[in-house]
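To start, the structure under review is shown below, and the notes come after it.
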Amino acid sequence: MLDSIHKGKYAFLIDASLCIDCRSCMVACSVEHNVSMTSTRIWMKGTGIMGTFPDLASHTAVFHCMHCDDPSCVSACTVGALQRNEDGIVVYDAYRCIGCRYCMYACPFEVPNMNLDEQLPLIVKCDMCEDRLNQGLEPACAATCLTEAIQFGNREEMLQQAHTRMKENPDLCDHIYGEHENGGTSTLYLSPISCDELCFPCVGTHSTAYSNRQVTETTPVVAGTTALALSGIFLAIKHFGNHKENSEDAPENTEESQS
């Protein structure tokens, strides 16, 4: 991990025990970014109906960019379209994106996605409603949540609140998803069931960004070396061919001069 990596200023705290699957957060995201419901930056994870009638249960939680402390997507992006700003928000510049999808393959949370219905599809992802934050407003999803399942605020305060809730509510699992996953994130989850059951990705505690950086930083060097090597081979073959033609033409020129 790089020395410059720091914890984010803000964080989401999402409590699956309070989510009622109303999807008002998805509508708010759609309106805020002026996109269709199929292109929102968030989606739902859930268990479906569990149990046997009449003892039925269902658990859901909104899912979006985790805003990692050391984002794998940022390290994989070769054109700098994805960056982590000073507040720890992973932001995206569509004008730089070339649609290579490296970030989609790199993200262990499977967050970046594409709208393949577009002629030139590019990446879409949550940016923590950066424009709203600059206006002193909460992200649209948090501001709209009817049950306050989505909380937003200072990261340290959100983390402290998560630990407090976990101690006070024995129905919650003894695990804050996102606190340590992929080296730590700014999206924290509480749940009455394991995150595996909520279909959240199983992610280790070490960020894959370091390995990604090794690959992306050496790619230009490897590409340049390969190009030079191929150019050298081409020139050598061309020189050998010209030399062979000149050698074959030499006897004929000698005979013509003698006659």
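Note: hydrogens, waters and symmetry copies are ignored here, and every other heavy atom, side chains too, is used. This chain uses plain numbering: 1 for the first residue, then up along the sequence.
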Would you give the length of the straight line joining atom [atom1] of [X] to atom [atom2] of [Y], rounded to the nearest 0.5 angstrom?
X: Leu172; Y: Lys167; atom1: CG; atom2: NZ; answer: 13.5 Å
X: Asn134; Y: Cys129; atom1: CG; atom2: SG; answer: 11.0 Å
X: Cys173; Y: Ile193; atom1: SG; atom2: CD1; answer: 7.5 Å
X: Ile89; Y: Ser186; atom1: CD1; atom2: OG; answer: 8.5 Å
X: Tyr102; Y: Cys97; atom1: OH; atom2: SG; answer: 12.5 Å
X: His67; Y: Asn85; atom1: NE2; atom2: CG; answer: 9.5 Å

Item to check | Over 12 foreign heavy atoms within 6.0 Å of CG, Asn34 | outcome: no
Checklist entry - Is the CG atom of Asp174 crowded by more than 12 outside heavy atoms at less than 6.0 Å? => result no
Specify the closest pair of heavy atoms between [X] and [Y], including all atoms of both residues, with the distance to one decimal.
X: Lys45; Y: Cys199; value: NZ-O, 3.3 Å
X: Gly80; Y: Cys77; value: N-SG, 3.5 Å
X: Gly99; Y: Leu122; value: N-CD2, 3.9 Å
X: Cys73; Y: Leu82; value: CB-CD1, 3.7 Å
X: Asn113; Y: Trp43; value: ND2-CZ3, 3.9 Å
X: Cys29; Y: Thr40; value: SG-CB, 4.1 Å

Strictly below 4.0 Å, N to O, side chains only: are [X] and [Y] in salt-bridge contact?
X: Lys125; Y: Asp127; result: no
X: Arg84; Y: Asp69; result: yes
X: Arg132; Y: Glu32; result: yes

Membership question, hydrophobic clusters at under 4.5 Å side-chain separation (ILVMFWY): are [Y] and [X] in the same one?
X: Val31; Y: Ile150; result: yes
X: Met128; Y: Phe109; result: yes
X: Val62; Y: Leu190; result: no
X: Val74; Y: Met114; result: yes
X: Val27; Y: Met44; result: yes

Closer than 3.5 angstrom, by distance alone: can the side chain of [X] be matched with the main-chain N or O of [Y] as a donor-acceptor pair?
X: Thr185; Y: Cys68; value: no
X: Ser30; Y: Met26; value: no
X: Thr144; Y: Cys141; value: no
X: Glu148; Y: Cys145; value: no
X: Thr47; Y: Ser58; value: no
X: Glu110; Y: Cys107; value: no

Find out whether [X] and [Y] are in side-chain contact, i.e. whether some heavy atom of one side chain is under 4.5 Å from a heavy atom of the other.
X: Gln161; Y: Leu13; result: yes
X: His163; Y: Ile176; result: yes
X: Pro112; Y: Tyr105; result: no
X: His59; Y: Leu198; result: yes
X: Phe152; Y: Leu133; result: yes
X: Met104; Y: Val111; result: no
X: Val90; Y: Gln83; result: no
X: Ser191; Y: Glu197; result: no

Checklist entry - Going through the distances and angles, do Asp15 and Gln151 end up as a side chain to side chain contact (heavy atoms under 4.5 Å, CB included)? => result CA-CA 8 Å; Asp15 190 339; Gln151 296 283 308; over 6 Å; no
Next on the checklist: Could you walk me through whether Phe12 and His64 satisfy the ring pair (Phe, Tyr, Trp, His ring centres under 6.0 Å) test, starting with their C-alpha distance in whole Å, then the side-chain angles of each, then the deciding distance to 0.1 Å, before giving a yes or no?
Outcome noted: CA-CA 10 Å; Phe12 289 100; His64 54 56; 4.5 Å; yes
Checklist entry - Can you check side chain to side chain contact (heavy atoms under 4.5 Å, CB included) on Asn154 and Tyr10, steps first, answer last? => result CA-CA 5 Å; Asn154 177 274; Tyr10 304 109; 6.0 Å; no
Item to check | Whether Tyr189 and Phe63 hold their rings parallel, tilted or perpendicular, with breakpoints at 30° and 60° | outcome: parallel
Checklist entry - Is the closest side-chain donor-acceptor distance between His206 and Glu181 under 3.5 Å? => result no
Next on the checklist: Between Asp196 and Ser194, do the side chains contain a donor N or O and an acceptor N or O under 3.5 Å apart?
Outcome noted: no
Checklist entry - Stepwise, does the side chain to side chain contact (heavy atoms under 4.5 Å, CB included) test hold for Ile14 with Thr187? => result CA-CA 8 Å; Ile14 301 173; Thr187 303; 4.1 Å; yes
Checklist entry - Can you list the steps and then say if Met66 with Tyr177 is a side chain to side chain contact (heavy atoms under 4.5 Å, CB included)? => result CA-CA 10 Å; Met66 299 293 287; Tyr177 185 88; 3.8 Å; yes
